[in-house]
S.K.: 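Here's a structure for you.
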Amino acid sequence: MTHPASATLPLLAHTKPDAVVAWRHDGPVTVERFLGDVERLASSLPAGGHVLNVCADRYRFTVGLAATLVGRKISLLPSTHTPETVRQLQVFAPDTFCLTDSPACDIDLPQHHFIESPVAASPEGGAVPMIDVDQVVAYVFTSGSTGTPMPHAKTWGPLVRNIAAEADRLGLVDKPFTLIGTVPPQHMYGFESTVLLALLSGGAIWTGRPFYPADIADALAAVPRPRVLVSTPFHLRTLLSAGTEVPPADLVVSATAPLSGNLAVALEAQLQCPLIEIYGCTETGQTATRRTAETAEWQLMRGLALTVEDEKVWAHGGHVETPTVLSDIIEPTADDRFLLHGRSADLVNIAGKRSSLGYLNHQLNAIPGVVDGSYFMPEDEQTDGVTRLTAVVVAPGLDRATLLQALRERVDPLFLPRPLIFADALPRNATGKLPRAALEELRRTLGGSE
């Protein structure tokens, strides 16, 4: 979809200079202060056209994003910041510099340090910047078959439409709210649902990134209602099992992996509010939601549609300007609804029987006494040509025989893990996902037996 050259949309949906756009440990940040911070940072940024924004403070990240937009620079949002990823980014965009709020940042790029200004407001008459709808805001990256990150451009117009559809589905239109995120703003989910959702729907962000249950409770207590907890199944499962007394939220949003219906019911009871899951991917952004405590069906966001061709499911319409194939096993059930059966890449076929890693992980984690666990397929090929699944589990009160017997009651014996590895903790990243390389390293380190 093309737009007139003059088409622009505002950076902020807030209409009053004294409206709150963020909450920090020392109190609220108004639109006026935010715009002043954006203007000052934008005027100091280096000449490079691409920015790796690694600010840990969510408010500073957001100021950096806005300053990047105003300066017509492009944010780079890779899934990791490993030295190899940084080298690949330099090949993709040699003029990349790193925006950081840490004096100890060791990323091997030219660095620009975020320095707080004591000035409390923008210059008199400061206006909300208008952004060209065709301006590239960011490149997000997926792993290519060669291991080289594949860039996907995100432009302002589709992002604004996507966030408007999200706000509508979450019931956050025309009301104040504060977003508390356990996910980093550099991740696509955190970028959309803890930063852009606040800017484009008149809400506010909580500047921190709570991780442990006590931190989440403190963050909820620090901001006024209505408050929205934006999290992941890993963080939410940990919060529920910790038994920490948590102030009520008004909405919980979850993404990155499907929740079970039972866990969703328990979380709604503990946090005294609805829980909405978001389904999406890097290529399309957010595409559907469901209230998991009530239904297994996903409902597409407004304007979106699915088309099945050659056993592949394509998303199109709405903010998805180019028809995009989805990498998941999807069963359409109505014009705007579908069931999700796992990722195509997760399919496992052993001796003619099929399952998915997602299903096996669900069964493993449903066993009483299992704190955390995950199946994966080892990279090294078996000499006998037979697929061998590995599982790593955190289950301090269970022995191997008891756990395998419980698993035998839930899955076909062909899908029992060989080996089964016990660990003190799983190497999850900031969004609760398990990097394949970390699992392989755990397998090499801890071994395990069949």
S.K.: Counting only N and O atoms by type, is there a donor-acceptor contact under 3.5 Å from the side chain of Arg290 to the main-chain atoms of Ala296?
M.R.: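 Pair found, side chain donor or acceptor close to backbone of Ala296.
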S.K.: Could you pull out every donor-acceptor pair under 3.5 Å between side chains of residues 306-315 and any protein atom, sequence neighbours left out?
M.R.:
from   : atom 1 : to     : atom 2 : distance (Å)
Thr307 : OG1    : His316 : NE2    : 2.6

S.K.: Can you name the closest pair of heavy atoms from Leu251 and Cys273 and give their distance?
M.R.: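 Closest heavy-atom pair between Leu251 and Cys273: N-SG, 3.6 Å.
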S.K.: Any side-chain to backbone donor/acceptor pair from Arg237 onto Val371? Under 3.5 Å, distance only.
M.R.: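 Not at all, since once roles are kept as given, no pair shorter than 3.5 Å links the two residues.
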S.K.: Could you tell me whether the side chain of Gln111 and the main chain of Cys105 form a donor-acceptor pair under 3.5 Å?
M.R.: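 Such a contact is found between Gln111 side chain and Cys105 backbone.
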S.K.: Which residues satisfy the side chain to side chain contact (heavy atoms under 4.5 Å, CB included) test with Ala22, sequence neighbours excluded?
M.R.: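 Residues passing side chain to side chain contact (heavy atoms under 4.5 Å, CB included) with Ala22: Val29, Tyr59, Ile205.
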S.K.: Apply side-chain contact (heavy atoms from CB on, under 4.5 Å) to the pair Thr68 and Asn53, showing each step before the final yes or no.
M.R.: CA-CA 9 Å; Thr68 298; Asn53 183 344; 5.5 Å; no
S.K.: Do NZ/NE/NH1/NH2 and the carboxylate oxygens of Glu441 and Arg444 come within less than 4.0 Å?
M.R.: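 Salt bridge between Glu441 and Arg444, a charged N being under 4.0 Å from a carboxylate O: yes.
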S.K.: Using the rule given for side-chain contact (heavy atoms from CB on, under 4.5 Å), can you reason through Phe191 versus Val137, listing the C-alpha separation, both sets of side-chain angles and the distance that settles it, and then say yes or no?
M.R.: CA-CA 11 Å; Phe191 182 69; Val137 175; 4.1 Å; yes
S.K.: Okay, side chain of Gln135, backbone of Lys73: is any donor-acceptor separation there less than 3.5 Å?
M.R.: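 No; zero donor-acceptor contacts below 3.5 Å.
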S.K.: Per the salt bridge (charged side-chain N to carboxylate O under 4.0 Å, His left out) rule, what does the pair list look like for residues 244-257, sequence neighbours excluded?
M.R.: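 Listed once each, the pairs are Arg225-Asp250.
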S.K.: Determine whether Val253 and Tyr189 satisfy the following criterion, side-chain contact (heavy atoms from CB on, under 4.5 Å), listing intermediate values before the conclusion.
M.R.: CA-CA 11 Å; Val253 179; Tyr189 169 42; 3.8 Å; yes
S.K.: Hey, does the side chain of Arg169 reach the backbone of Leu300 with a donor-acceptor pair shorter than 3.5 angstrom?
M.R.: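 Yes, because the side chain of Arg169 sits within donor-acceptor range (under 3.5 Å) of the backbone of Leu300.
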S.K.: Any sub-3.5 Å donor-acceptor pair from Ser193's side-chain atoms to Gly190's backbone N or O?
M.R.: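 Not a single qualifying donor-acceptor pair exists.
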S.K.: Tell me every residue that passes side chain to side chain contact (heavy atoms under 4.5 Å, CB included) with Pro83, counting only those two or more places apart in sequence or in another chain.
M.R.: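 Side chain to side chain contact (heavy atoms under 4.5 Å, CB included) list for Pro83, sorted by chain: Arg87.
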S.K.: From Thr8 OG1 over to Asp134 CG, what is the distance, rounded to the nearest 0.5 angstrom?
M.R.: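 Answer for the OG1-CG pair, Thr8 versus Asp134, is 11.0 Å.
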S.K.: Using the side chain to side chain donor-acceptor pair (under 3.5 Å) criterion, which residues pair with Ser102? Sequence neighbours excluded.
M.R.: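 Counting only residues at least two positions away or on another chain, Ser102 forms no side chain to side chain donor-acceptor pair (under 3.5 Å).
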S.K.: Got a sec, which pairs hit salt bridge (charged side-chain N to carboxylate O under 4.0 Å, His left out) with one end in residues 188-215, sequence neighbours left out?
M.R.: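 For residues 188-215: none.
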S.K.: Give me the atom names and distance for the closest heavy-atom approach of Thr96 to Leu89.
M.R.: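 Where Thr96 meets Leu89 most closely, the heavy atoms are OG1-O, 4.2 Å.
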S.K.: Backbone N or O of Val394 within a donor-acceptor pair of the Asp372 side chain at under 3.5 Å?
M.R.: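 No; judged by distance alone, with no hydrogens or angles, the pair does not exist.
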S.K.: Could you list the residues that satisfy side chain to side chain contact (heavy atoms under 4.5 Å, CB included) with Ala242, not counting sequence neighbours?
M.R.: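 Per chain and number, Ala242 pairs via side chain to side chain contact (heavy atoms under 4.5 Å, CB included) with Pro213, Thr244.
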S.K.: What pairs of residues pass the side chain to side chain donor-acceptor pair (under 3.5 Å) test when at least one of them lies in residues 255-267, not counting sequence neighbours?
M.R.: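 Not a single pair qualifies under side chain to side chain donor-acceptor pair (under 3.5 Å).
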S.K.: Sequence neighbours excluded and cut-off under 3.5 Å, please list the side-chain donor-acceptor pairs for residues 173-183, or say none.
M.R.:
from   : atom 1 : to     : atom 2 : distance (Å)
Lys175 : NZ     : Gly171 : O      : 3.2
Thr182 : OG1    : Ser231 : OG     : 2.9
Thr182 : OG1    : His235 : ND1    : 3.4

S.K.: Taking the side chain from Ser241 and the backbone from Thr238, do they hold a donor-acceptor pair closer than 3.5 Å?
M.R.: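 Yes, because the side chain of Ser241 sits within donor-acceptor range (under 3.5 Å) of the backbone of Thr238.
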S.K.: Taking all atoms of both residues into account, what is the closest heavy-atom pair of Ala93 and Leu76, and its distance?
M.R.: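 So the minimum-distance heavy-atom pair works out to CB-CD1, 4.4 Å.
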S.K.: So, using side chain to side chain donor-acceptor pair (under 3.5 Å) as the criterion, who are the partners of Glu294 when residues are at least two apart?
M.R.: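 Glu294 satisfies side chain to side chain donor-acceptor pair (under 3.5 Å) with Arg291 only.
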S.K.: Surrounding CG of Asp424 (heavy atoms of other residues, nucleotides or ligands, distance under 6.0 Å), is the total greater than 12?
M.R.: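 Not more than 12 within 6.0 Å, no.
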S.K.: So Leu170 and Val228, do their side chains get closer than 4.5 Å, heavy atoms only?
M.R.: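 No, every pair of side-chain atoms sits at 4.5 Å or beyond.
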S.K.: Could you tell me whether the side chain of Asp95 and the main chain of Ala47 form a donor-acceptor pair under 3.5 Å?
M.R.: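 No, the answer is negative, given that no donor and acceptor are paired below the 3.5 Å cut-off.
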S.K.: Search all heavy atoms of Ala198 against all heavy atoms of His14 and return the closest pair with its distance.
M.R.: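 Minimum heavy-atom contact is O-CE1, 3.4 Å.
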S.K.: Atom CD1 in Ile115, atom CZ in Arg40: separation rounded to 0.5 Å?
M.R.: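 Answer rounded to 0.5 Å: 12.5 Å.
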S.K.: Report the residues that fulfil side chain to side chain donor-acceptor pair (under 3.5 Å) with His152, sequence neighbours left out, ordered by chain and then residue number.
M.R.: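 Here the qualifying residues are Thr142.
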S.K.: Quick check: closest heavy atoms across Gly64 and Leu99, and the distance to 0.1 Å?
M.R.: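 Scanning both residues completely, I find the closest heavy atoms to be CA-CD2, 3.6 Å.
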S.K.: Could you tell me which non-hydrogen atom of Ser201 sits nearest to which non-hydrogen atom of Ala167, and how far apart they are?
M.R.: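 Ser201 and Ala167 have their closest heavy atoms at OG-CB, 3.3 Å.
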S.K.: Any pair with a residue in residues 60-105 that passes ring pair (Phe, Tyr, Trp, His ring centres under 6.0 Å), sequence neighbours left out, goes on the list, sorted by first then second residue, please.
M.R.: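 Matches after skipping sequence neighbours: Phe92-Tyr139, Phe92-Phe141.
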S.K.: With distance as the sole test, does Asn162 use its side chain to make a donor-acceptor pair with the main-chain N or O of Pro158 at under 3.5 Å?
M.R.: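 Checking the backbone N and O of Pro158 against the side chain of Asn162, no donor-acceptor pair under 3.5 Å is found.
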